[in-house]
Amino acid sequence: MLWRAGLVLLLCWGSTGDTRQQRSPPPVEPLDFGFVPSGVYDTHAYYEPGAIGVLFHMVHAFLYVVQPNPFPKDLIVKVIQQNMGGIKLEDYRKGLSNNVVSVLLQTIYYEAGFLLCVSLGCVFLVLTPVVGLCFCVCRCCENCGGEMHQRQGKNPDCQRGFYTAALITTSIFITTGVLIAHAANHNITSQIKSTRRFISTNMRDLKTFANNTPAQIDHLTAQYTTAKNKVLSDLDNIGPLLGGRIQTQLEKEVVPSLDTALRMAGALRESKEALESVSSSLDVLHEGTSRLALRLTYERTSLSNTLSDPACTNGAVSRTCNNIRITLPQLGINSNFSGVRTHLLQHPHYTPTGYSSFNDTPRLVQQQTKNVVAVKAMLDKIGVEIIGFSKMFPVEASLANFTIFLSQGQKNMEAYYPQIDQMDFYRWIGCVAVLCSVVLVLTFNFLGLLCGTCGYDKQATPTTRGCLSNTGGNLLMAGVGFSFIFAWVLMGLVSAGFVVGGNIEKLFCEPLANRQLFKIIDTPYMVHPAKKNFLPGMLFQNPNINLTVGSMYRDCYDNNGLYHALQLETMFNINTFLKTTVFNKDLVKVFDSVSIDLQSIVLLEQDGRDNLLTFSNAGIGDINYAAYLAEVNKGVTLVDLLSFSNELEAQADLLPRGALENALKGHASSIRQIHREQVVPMEQAMSTLSQSIRLLQRTAKELPVKVTNVLSAIDEAEYLITHNASRVVKQERDVYMQSLVGYFRQYTDWVKNSLTGEVSQCKPISNIIDSMEIVTCSFIVDSVNTFWFGLGGCCVFLVPSIILSVKLAKYYRRMDTEDVFEE
């Protein structure tokens with residue numbers, strides 16, 4: 001039927017409107033490139049000296065008192081420049097005399113503390129043997145205490161006790177100095193063994209560094225596949241991704257228009273439902289009317305035949321039969337629905353697209369971008385170029401040679417271990433021999449004190465003192481003699497160690513610890529007026545690179561990559577290579593060639609438009625609904641069948657009992673059955689038809705306006721797609737391409753960050769510098785300085801020891817003569 005086709009549009013609008021989905025563009029997910037394989041470095045360049053550290057701090061404090069001046073960086077730089085050509089020859093000749101005087105004065109000022117101490121040491125060194133010789137000669141002449149005669153003095157016991165206590169205290173201080181020197185001497189020997197551990201771990205770390213670097217570089221190049229596969233995956237899904245984004249952006253403008261059309265379609269749904277109801281009701285009524293007419297005709301004929309029975313001709317019976325015969329024409333159809341069908345069943349067929357056509361955008365994009373698949377070959381070529389670039393430099397071969405060099409170097413160093421141990425043993429013996437000279441003096445002092453104190457007798461006169469007491473005095477004098485013999489030699493050793501060790505501590509160890517030494521090396525133009533930086537000039541023959549030892553050490557100390565620490569990007573910039581390789585012109589051209597045309601999206605075909613207009617102009621609003629309603633409001637039959645059957649049964653009861661009465665009652669029962677089975681459903685259908693016609697009458701006048709609004713909304717949506725699609729497509733295409741480029745940018749940034757902090761981590765280099773500082777300064781220089789510090793204390797206290805021993809020996813030795821007082 002014609003009107004049913006008119007409902008197809010409305011049904012499609014409703015069904016597609018319920019199933020549309022709002023698509024959101026997929027987020028740009030971060031790529032996981034995994035972890036760069038890294039090794040574990042064994043060296044812990046840290047040294048805690050323990051208890052002997054207190055002595056080291058004492059020595060440092062003493063050196064600070066001697067030399068409180070700051071590190072003479074400018075002075076050292078000036079000296080180095082003058083000696084290595086850092087100053088132009090003409091300038092050097094012009095200011096030679098002034099420079100020499102200035103440098104000399106600055107050096108004297110800086111070394112003033114050392115010069116003063118060394119001067120005192122030299123005085124001690126010269127005077128000690130001279131004074132000892134004079135003292136010896138003087139005593140041989142029985143002067144300077146050489147006369148074996150003791151004069152009586154006031155409080156001799158008090159003086160003897162004071163000298164004894166003072167000598168004991170002095171000897172204790174000398175003993176402390178010996179113990180300090182011996183501890184430092186032993187610390188050197190024990191730390192030399194620890195030096196082997198530092199050498200072993202540093203060598204092992206360098207091998208780990210060399211062995212891991214090729215694998216790390218291979219990991220960087222291999223992870224290009226991660227970015228490539230992600231790009232290819234997005235290209236394979238360009239329909240849902242790019243098409244979905246385009247659809248999402250167009251939805252902001254198109255969907256409101258489609259929603260307006262949908263709302264208009266909803267308004268037309270009432271007309272659709274009314275038409276559906278009319279259609280179904282008419283079908284029921286048309287079919288029911290035909291069947292009812294046949295049944296009533298049959299029943300009327302059958303009843304007429306019954307009334308023709310001869311029994312109806314007798315008297316009162318004939319009157320009853322005539323009454324029934326008069327009502328037979330009432331058994332007929334009262335309504336005629338053919339006119340309603342003639343006017344209402346007019347509606348065309350058409351096929352709409354609506355949301356389904358707009359939601360087909362991703363598939364359309366997928367079909368129009370098939371040529372982008374050609375990018376795969378380009379991406380594979382880029383991967384080959386990256387791997388080829390990594391193989392341009394003989395990194396693996398060079399590191400393999402470096403590992404062989406390290407192994408050979410370690411073997412050569414280990415070959416010297418026995419000689420080093422032997423030399424250290426000789427050194428240890430020499431230091432012990434030096435200390436034994438002081439111990440010898442201490443032995444004489446303590447034995448002299450012991451013998452003198454134990455053998456002293458207050459009752460004995462100086463000439464009658466016992467042998468033990470006399471031995472104690474002789475031992476004390478022996479200690480004095482050995483003090484004069486060894487003191488000047490010891491002071492010479494102390495002075496030499498003080499000058500060398502103290503200056504090494506102040507000019508090398510301290511500036512190395514606070515990295516002031518790096519500033520000297522990093523001083524611009526220090527070596528040559530035309531060479532700005534020393535390190536890059538030595539490594540890369542390019543002194544203009546802004547690379548310093550200090551910056552390299554800091555980067556390696558933080559365990560950054562060697563590429564960043566040595567600023568190798570100035571030699572071969574990986575980042576620039578990746579940008580020019582990954583983002584090459586051919587790839588950009590392919591991306592720019594992506595063209596998408598959405599002009600083929602049609603929300604409503606032209607036939608559908610024409611048929612919809614035909615439907616709106618079909619004249620539904622011009623129908624005489626009052627006449628139709630009057631027809632529908634009529635009864636189904638001319639008479640109420642129930643009343644008719646009841647009346648017929650009542651007439652039958654007036655007849656005599658017999659076949660005629662039973663036949664009439666049978667007809668009454670048949671008429672009731674017709675009413676129940678056919679008339680009641682038709683009355684229900686007529687009621688529905690009445691309501692539908694009233695609804696259709698109410699909405700028919702607005703039908704042309706609604707159809708016009710639907711078409712206007714569709715036209716507006718198609719206009720937006722036609723005129724805004726190119727802008728949206730370009731915008732979303734650029735966003736999509738940026739997301740693809742973003743994956744490569746993630747890769748290049750990851751490579752840059754990995755080269756900075758994870759590939760070829762140069763912690764072993766800073767560990768070597770720190771290990772050299774520990775071995776040179778903490779193991780050797782601090783121990784040497786502590787040795788001369790303890791030995792120097794012994795030398796200083798030998799002077800009062802000599803004086804006190806000479807004074808005290810007078811109280812213990814047996815005299816030749818004595819003072820005699822007569823009463």
Side-chain angles (χ1 to χ4, degrees), residues 35-48 191-220 390 393-414 416-417 508-509 512-515 517-518 521-522 534-536 538-540 545 547-569 571 574 752-780:
F35 295 98
V36 177
S38 60
V40 178
Y41 297 135
D42 298 330
T43 301
H44 298 284
Y46 176 77
Y47 172 64
E48 183 61 42
Q191 295 304 334
I192 284 178
K193 295 180 175 60
S194 298
T195 302
R196 299 178 183 180
R197 175 179 59 82
F198 273 113
I199 293 174
S200 177
T201 57
N202 276 286
M203 288 294 183
R204 190 158 56 246
D205 289 347
L206 288 174
K207 291 178 183 178
T208 301
F209 165 83
N211 293 331
N212 286 344
T213 298
Q216 292 171 339
I217 294 176
D218 291 341
H219 181 77
L220 294 188
S390 66
F393 307 98
V395 176
E396 190 168 355
S398 300
L399 292 176
N401 294 333
F402 179 66
T403 303
I404 296 173
F405 170 76
L406 290 176
S407 300
Q408 188 62 39
Q410 186 174 3
K411 290 181 180 179
N412 294 336
M413 285 187 289
E414 291 174 352
Y416 284 102
Y417 285 168
F508 178 76
C509 292
L512 181 60
N514 56 28
R515 311 310 173 202
L517 196 62
F518 293 159
I521 302 175
D522 296 335
F534 165 73
L535 185 61
M538 180 183 68
L539 295 177
F540 311 125
I545 298 176
L547 173 63
T548 62
V549 177
S551 65
M552 185 194 72
Y553 173 81
R554 285 191 299 271
D555 287 330
C556 291
Y557 185 83
D558 295 334
N559 204 20
N560 290 327
L562 189 66
Y563 180 83
H564 176 70
L566 293 181
Q567 298 183 18
L568 296 179
E569 64 270 11
M571 305 297 296
I574 299 292
K752 181 179 179 181
N753 294 333
S754 298
L755 287 174
T756 299
E758 299 182 64
V759 176
S760 299
Q761 293 174 321
C762 60
K763 184 68 174 179
I765 296 178
S766 67
N767 283 339
I768 290 175
I769 297 175
D770 294 337
S771 299
M772 290 175 59
E773 177 189 353
I774 292 173
V775 171
T776 303
C777 297
S778 299
F779 289 177
I780 299 176

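Start at 1 with the first residue, then count along the sequence.
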Rounding to 0.5 Å, atoms NE2 (His219) and CD1 (Ile217) come to a distance of 12.5 Å
List for me each residue that meets side-chain contact (heavy atoms from CB on, under 4.5 Å) alongside Asp558, sequence neighbours excluded, and say none if there are none.
-> Asn560
d(Ile768 CD1, Lys763 NZ) to nearest 0.5 Å is 12.0 Å
Sort and list the pairs that fulfil salt bridge (charged side-chain N to carboxylate O under 4.0 Å, His left out) and have at least one residue in residues 397-413, not counting sequence neighbours.
-> none
Listed by chain and number, what are the side-chain contact (heavy atoms from CB on, under 4.5 Å) partners of Ser754, not counting sequence neighbours?
-> Val36, Leu220, Trp750, Glu758, Val759
Can you name the side-chain hydrogen bond (donor to acceptor under 3.5 Å, both in side chains) partners of Arg197, sequence neighbours left out?
-> none
side-chain contact (heavy atoms from CB on, under 4.5 Å) with Ile199: which residues, sequence neighbours excluded?
-> Thr195, Met203, Met413, Tyr417
Pairwise distance CG(Asn202) to CD1(Ile765) - rounded to 0.5 angstrom | 11.0 Å
Measure from the side-chain N and O atoms of Thr208 to the backbone N and O of Arg204, and report whether any donor-acceptor pair falls under 3.5 Å.
-> yes
Between Leu517 and Phe508, is a side-chain contact (heavy atoms from CB on, under 4.5 Å) present by the stated rule, with each step listed?
-> CA-CA 7 Å; Leu517 196 62; Phe508 178 76; 3.8 Å; yes
Go through the structure and list residues passing side-chain contact (heavy atoms from CB on, under 4.5 Å) with Asp205, not counting sequence neighbours.
-> Tyr41, Asp42, Thr43, Pro764, Asn767
For His564, ring pair (Phe, Tyr, Trp, His ring centres under 6.0 Å) partners two or more places apart = none
Residues at least two apart in sequence or cross-chain that pass side-chain hydrogen bond (donor to acceptor under 3.5 Å, both in side chains) with Tyr553, listed by chain then number, are Arg515, Asp770
First locate atom CD1 of Ile192, then atom CD1 of Ile780, and finally report the distance between them rounded to the nearest 0.5 Å.
-> 6.5 Å
Tightest non-hydrogen contact, residues Tyr47 and Ser778, listed as CD2-CB, 3.4 Å
Minimum side-chain heavy-atom gap Ser200-Gln410 below 4.5 Å = yes
Can you name the residues that form a side-chain hydrogen bond (donor to acceptor under 3.5 Å, both in side chains) with Ser760, not counting sequence neighbours?
-> Thr213
Of all heavy-atom pairs between Cys556 and Ser766, which one has the smallest distance, and what is that distance?
-> O-OG, 3.4 Å
Please round to the nearest 0.5 Å and tell me the distance separating atom CG of Asn412 and atom OG of Ser407.
-> 11.0 Å
Roughly how far, to the nearest 0.5 Å, is CD of Gln761 from OG1 of Thr756?
-> 11.5 Å
Here the pair of heavy atoms bringing Met552 nearest to Leu547 is CB-CD1, 4.5 Å
Return yes if some donor-acceptor pair links the side-chain N/O of Thr201 with the main-chain N/O of Phe198 below 3.5 Å, else return no.
-> yes
Can you sort out the partners of Ser38 under side-chain hydrogen bond (donor to acceptor under 3.5 Å, both in side chains), two or more places apart, ordered by chain and number?
-> none
Could you pull out the closest heavy-atom pair between Ile774 and Tyr46, with the gap in Å?
-> CD1-N, 3.6 Å
